[in-house]
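Every chain is numbered from 1, with letters handed out A, B, ... down the list of sequences. These numbers come from the heavy atoms of this one structure, side chains and all, not from hydrogens, waters or symmetry mates.
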There are 2 protein chains.
Amino acid sequence: MNQLPYREFPNEITQTVSILRPFVDRVVDRSALQTLAQRYSELDVDAVEACLAFLRTTADVQAALDTHFARYGLSMGKFTLLMQLSQVDGLTPSDCAERSGVTRATITGLLDGLEREGLVERRPCPDDRRMLRVHLTNVGRNLLDRMLPDHFCRTTGLMANLSSNEKTTLIKLLKKLQAGTPAMMQP
Amino acid sequence: MNQLPYREFPNEITQTVSILRPFVDRVVDRSALQTLAQRYSELDVDAVEACLAFLRTTADVQAALDTHFARYGLSMGKFTLLMQLSQVDGLTPSDCAERSGVTRATITGLLDGLEREGLVERRPCPDDRRMLRVHLTNVGRNLLDRMLPDHFCRTTGLMANLSSNEKTTLIKLLKKLQAGTPAMMQP
DNA sequence: CTATATTAATTAGGAAGCTAACTATTAGGC
DNA sequence: GCCTAATAGTTAGCTTCCTAATTAATATAG
C-alpha cells in the first residue's frame, strides 16, 4: 500500500476542514452502483451519481477555500464576519449570526478568536446593555485590504473554466438542486 | 428583530453541521457587490455570484443530508464508513481513511463511535499485528438494510427537479468548477 | 409597579474535522 | 542479524459547528 498524501502542504497551516469525500471514484464506481441498484429498486443510478459528483466538488472547493483563507490566518467563518463588519460597522453578535446563518453561540466563538487576534473589538452598547457592538480594528481593516485583491483573483480563477453562459446555467441548476433539499429533510 | 428559527426541528437530534451560509442574499446583494467592484478591480461580479450560489447550495444540501442521517443516528462520515464496509468486509482503518479522504485520526474517532453503538467491530489482524480489520456487525448490517430504501428515495427526491439532461450538464459544470480549485490553492 | 416574558450573550458539553507526536510492529540496508 | 525506516493505529490539542442551559437586562401584562 502506497504512501498517502496526508500532508499535501507541509509546513503550512492548512487546517483543511474537508468534508468526507463521497465514496464515488473510490469505492463505488458505476458498476458497483448498478449492482446495488439490483438489490434496491429505489436506487436511481443517475440521481446518486449526480449527488456524489456534487458532494465531491463540494469537498474539493471547501478544501481549496480553507487553504486559501488559512494563508491569512482565517477560516471561512471568520472571513465572512470580517466582510460583514466592513460593510456595516457595529453589528451586534446576533446580527452577525442572522446574516451568517449560524447560531449565536458559534458567533461567540468566532468573535473570541477574532478579538484574540486583534482584528475585531466588542464594545458595550449604551442604550441596551444586553447587547454589544462589534467593530473592525485597523488591523482587521488592513488585513481585508491586503487580502481582498488576492481573494477576488482566486475567486475568478476558481470559475475560470466556466464561460459566462455556463456560470449562468450552473446557478440555474444549483437552484433546482436546492429546491430538492426539502425532500431530504421532510419527516 | 424577529425570532430566529435557531431550532427548525425541535426535539430532534438534527446536529446540523451547517457550513457558514455565504453572505449573499444576506449582506451582499448584487448592488453591494458592484460597489465593492469599484474599489477592487480584481472583483469579477459574475464569478463571485456563481461562487456564492455554489456555496449556498452546498450549505443547504449539507444541512439536509445531516438531518437525514441524524434520523438514523448517523453522520455522513459514519454512513460512508458503513457503506464501505458493506461493500468490502474487513477493511483496515487506513483503507477506510484512504477511501473516505479523511485522516486516520478521524477514522479512529468515527470507528470509536460506531463501535460504541455496536454497528462495527475492530478485530486484530494476525498476519500484521499493527493492523486491524473492521467488520460490520449484524446490527450494523440491519441498520443499512433498514435505511437504504429511504436513503435512495430521498436522494432521488433531492435530484427530482433536474431532468436527465440537466443532471448530465450539472456534472459537466461541476467538473469544470473542480478544475478551478488549484487556482484557489496554489502558492 | 411588580411578576413574568423575552431577548442577548455566554457557557458547557459534544461531534467531526485537522495536525503533530507517540507507541508498536514490521521491513530493509549494510 | 542488528539498527534504522517506515507503517498502523492512537492520543492530545485545536477549530468550527451544534444544542441546551445560564445570566443579565429589558419589555410587558395585570
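- Nearest-nucleotide positions on DNA chain D for A:Gly113 and A:Arg130 put A:Gly113 closer to the 5' end.
- One finds a side-chain N or O of B:Arg129 lying less than 4.0 angstrom from the OP1 or OP2 phosphate oxygen of C:dT25.
- Phosphate contact (OP1/OP2 of D:dT15, side-chain N/O of A:Ser75, threshold under 4.0 Å): absent.
- Using a cut-off of 4.0 Å between Lys/Arg side-chain N and Asp/Glu carboxylate O, B:Asp60 and A:Lys175 are scored as not salt-bridged.
- Remark: A:Thr103 is in phosphate contact with D:dC18, judged by side-chain N or O atoms under 4.0 Å from OP1 or OP2.
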Would you check, one step at a time, whether the test salt bridge (charged side-chain N to carboxylate O under 4.0 Å, His left out) holds for A:Asp150 with A:Arg154? CA-CA 6 Å; A:Asp150 177 43; A:Arg154 289 183 186 271; 3.0 Å; yes

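- Paired runs in DNA chain C that reach 3 or more consecutive Watson-Crick or G-U pairs, where each pair keeps both distances under 3.5 Å, cover C:1-4 with D:27-30, C:6-25 with D:6-25, C:27-30 with D:1-4.
- The backbone N or O of A:Ala97 lies less than 3.5 Å from no partner atom in the side chain of A:Ser100, so there is not a single donor-acceptor pair.
- A sub-4.0 Å separation between OP1 or OP2 of D:dG9 and a side-chain N or O of B:Ser94 is present.
- Of the two residues near DNA chain D, A:Glu117 and A:Asp127, the one whose nearest nucleotide lies more 5' is A:Glu117.
- At the phosphate of C:dA20, neither OP1 nor OP2 sits under 4.0 Å from any side-chain N or O atom of B:Arg104.
- For the pair B:Asp128 and B:Arg133, the salt-bridge criterion is not met [side-chain N within less than 4.0 Å of a carboxylate O].
- Salt-bridge formation is detected for the pair A:Arg122/A:Asp112: a Lys NZ or Arg NE/NH1/NH2 atom is positioned less than 4.0 Å from an Asp or Glu carboxylate oxygen.
- Under the 4.0 Å criterion applied to side-chain N and carboxylate O atoms, B:Glu98 and B:Arg104 are not assigned as salt-bridge partners.
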